[in-house]
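All remarks here apply to the structure that follows.
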Amino acid sequence: QVQLVESGGGLVQPGGSLRLSCAASGSIFRLDAMGWYRQAPGKQRDLVATTTRNAITNYADSVKGRFTISGDNAKNTVYLQMNSLKPEDTAVYYCNARIQSTRWSGFRDYWGQGTQVTVSS
């Protein structure tokens, strides 16, 4: 089984910073991409940022210039550095990974349980 464990969420003032981490473990034959999504109460889960094994990144327009995603292939870990945080960034942040579990498996998406990020004064 594949497990994603997120950490780094918390309460921060507007303009502050947080760094989220997500480590994938378990049956991992190949990991192609990892990313972060967020969901605020009453809203859909939206893409924040993604990165591939080759470090190709993609960001939501709302976080460009403020957030930076990076990955460590050897550790099956992805990070999200969040700077200049705004109240509208408040949400549960979910880690996502596209993983081939075994050599005989196809790729599928796995999700972490989420970590709360609250930006408030």
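Note that these values count all heavy atoms, side chains included, but never hydrogens, waters or copies made by symmetry. The residues of the chain are indexed from 1 along the displayed sequence.
The neighbour count for Q39 CD, taken as heavy atoms of other residues, nucleotides or ligands under 6.0 Å away, is above 12.
Clustering ILVMFWY residues whenever any of their side-chain heavy atoms sit less than 4.5 angstrom apart, transitively, puts Y94 in a cluster other than the one holding V117.
The nearest pair of heavy atoms linking Q1 to Y110 is OE1-CE2, 4.1 Å.
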Result block: side-chain N/O donor-acceptor pairs under 3.5 angstrom for residues 67-80, not counting sequence neighbours:
residue	atom	partner	partner atom	Å
D72	OD1	A74	N	3.1
D72	OD1	K75	N	3.3
N73	ND2	R53	O	3.1
T77	OG1	K75	O	2.9

Would you list the atom pairs, donor with acceptor, under 3.5 Å between side chains in residues 7-34 and any protein atom, with sequence neighbours excluded?
residue	atom	partner	partner atom	Å
S17	OG	N83	OD1	2.9
S27	OG	S101	O	3.0

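Between W111 and R45, the closest side-chain pair of non-hydrogen atoms falls below 4.5 Å. Y37 is not listed as a side-chain neighbour of D46, based on a closest heavy-atom distance of 4.5 Å or more.
Among residue pairs with one or both ends in residues 99-120, none qualify as salt bridge (charged side-chain N to carboxylate O under 4.0 Å, His left out); sequence neighbours excluded. Applying the salt bridge (charged side-chain N to carboxylate O under 4.0 Å, His left out) rule to pairs touching residues 4-14 yields nothing, sequence neighbours excluded. Residues in residues 55-66 take part in these side chain to side chain donor-acceptor pair (under 3.5 Å) pairs, two or more places apart or across chains: R38-S62, D61-K64, R66-D89.
Every residue two or more places apart in sequence or in another chain that forms a side-chain hydrogen bond (donor to acceptor under 3.5 Å, both in side chains) with T102 is listed here: S105.
Rounding to the nearest 0.5 Å places OG1 of T52 at 11.5 Å from CZ of R98.
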